[in-house]
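A short worksheet on the structure shown next.
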Amino acid sequence: MNYHDIVQQDKLDSLAAKRDAFRLPADTIYLDGNSLGAMPEVAIERASNVLQQQWSLDLIKSWNSHNWIDLPVIVGEKIARLIGAAAGQVICCDSTSVNLFKVLSGAMLMQQGRMKILSQAGNFPTDLYMVQGLASLLGEEHCQLVLATDEHALIDELSTDIAVLMLTQVDFRSGRVLDMQRLTALAHAKGIVVIWDLAHSAGAIEVELDACKVDFAVGCGYKYLNGGPGAPAFLYAAQRHHATISQPLCGWMGHKTPFSFDNKYQSAPGIEQFLTGTPPIISMSVLDAALDVFFDVNMLQLRQKSLALSSCFHQLLRQHDCLQVLQLLTPANPVERGSQLAYQHPDAYALCQALIKQGVITDFRAPNILRLGFTPLYLRYIDMWTAVEILADIVRTEEYLKPQYAIKGKVT
Ligand SMILES: *Cc1c(COP(=O)(O)O)cnc(C)c1O
């Protein structure tokens, strides 16, 4: 792959124009959209309208006149289209962690007589912590976390003893993608309720929640959906569970008539029953605007570009003879790979800092992973070329060994 091929790929890229929808700093190659998506231009206009018109001038009337009250549903519907969910099953609210607590608790209530929640040992810590919190509330005899070290072990564990299977589709460290269809079907065959975390899937890979007959799912608004730092998350609950499920964070916004101010909780009939408190209108409005960037994007096309970018990056790294020092942790097979690449290196943290210094923003995951996210909406093939040139140079000159790159901030 040479410079000419790269230029050619950018010319043929049908998503190339989407880059203009984002504001990105000059001289920066942003390979961290898997942690915090870049800012869409529309975010500025929308935030400013919410502050300068809706809040300041229209004040409390805006709950009706600007549809603030419907925002969790409106945003949920926009996300639904990206994750293969029919209308009425996705709502935008709270954080991924809090939403996990709601669906985990609801699922445990559905599974009287079973007490085990099965997950992956390498799952994102917050997912495991939420189970631990629920276990301490319900007591060990009613709730227990079981961890499997890999996919084979996971499948072996699927039995009628398990209440809930809680998995993250794309591993946050390695970028490995689990087979949602197969694992959901295998779990259902044993009567297990299935919850998927789509934190690194939504807006990055094709997801078919309805077709896979998933029970519940959660995911982030600030990663590939570009909703901004701390943007609210989302929750999916399959229609078939709406009439019978209940969840313990039953705040007034999940009540069937919140403004009747009844003392007794009665849940809303649909997906709104998963709401808890008042929606954060400023941040949810920004996420709403950010999702409009996806309106004409075909997820298959997006996935193809994502894989083409990561393949291009890896191939260029090979051409620079870097694959001995940087060991690929992500599966080489594209169908098993999310929208990221992870490389192991003993000085991954320093490497990451040296890259950032030269305008290539990546991240580090303890203990030794250099992680790169490939966001097809705003990355070009030429960015792969430039980023690899810089990385290969840092590796060759051992620039990263300078003491300045060893200093750690509070967030890594
Ligand atoms: C990023 C991420 C989260 C984040 O959860 P928040 O509660 O939104 O901070 C949860 N789960 C996974 C798998 C993640 O990658």
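Predicted model only: the values in this text are computed from it and were never measured. Computed over heavy atoms, backbone and side chain alike; hydrogens, waters and symmetry mates excluded. Ligands are counted one by one from 1 in listed order, and the atoms in each one are counted from 1 as well.
- Although no hydrogens or angles enter the test, the distance criterion places a donor-acceptor pair under 3.5 Å between the side chain of Gln89 and the main chain of Gln239.
- Listed as neighbours of ligand 1 are Ser95, Thr96, Ser97, Phe124, Thr126, Asp127, Thr168, Asp197, Ala199, His200, Cys220, Tyr222, Lys223, each bearing a heavy atom under 4.0 Å from the ligand.
- Other residues, nucleotides and ligands contribute only 12 or fewer heavy atoms inside 6.0 Å of the CZ atom of Arg182.
- No side-chain donor-acceptor contact under 3.5 Å links Ser105 to the backbone of Pro248.
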(message) Working note: Phe261 + His255, criterion ring-ring contact (aromatic ring centres under 6.0 Å, His included); need CA distance, chi angles, decisive distance, verdict.
(response) CA-CA 9 Å; Phe261 297 99; His255 194 279; 9.4 Å; no

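- Because its NZ or CZ atom is both nearer than 6.0 Å to the ring centre of Phe124 and within 45° of the ring axis, Lys223 counts as a cation-pi partner of that residue.
- Note that Lys357 lies outside the cation-pi zone of Tyr405, set by a 6.0 Å cut-off to the ring centre and a 45° limit from the axis.
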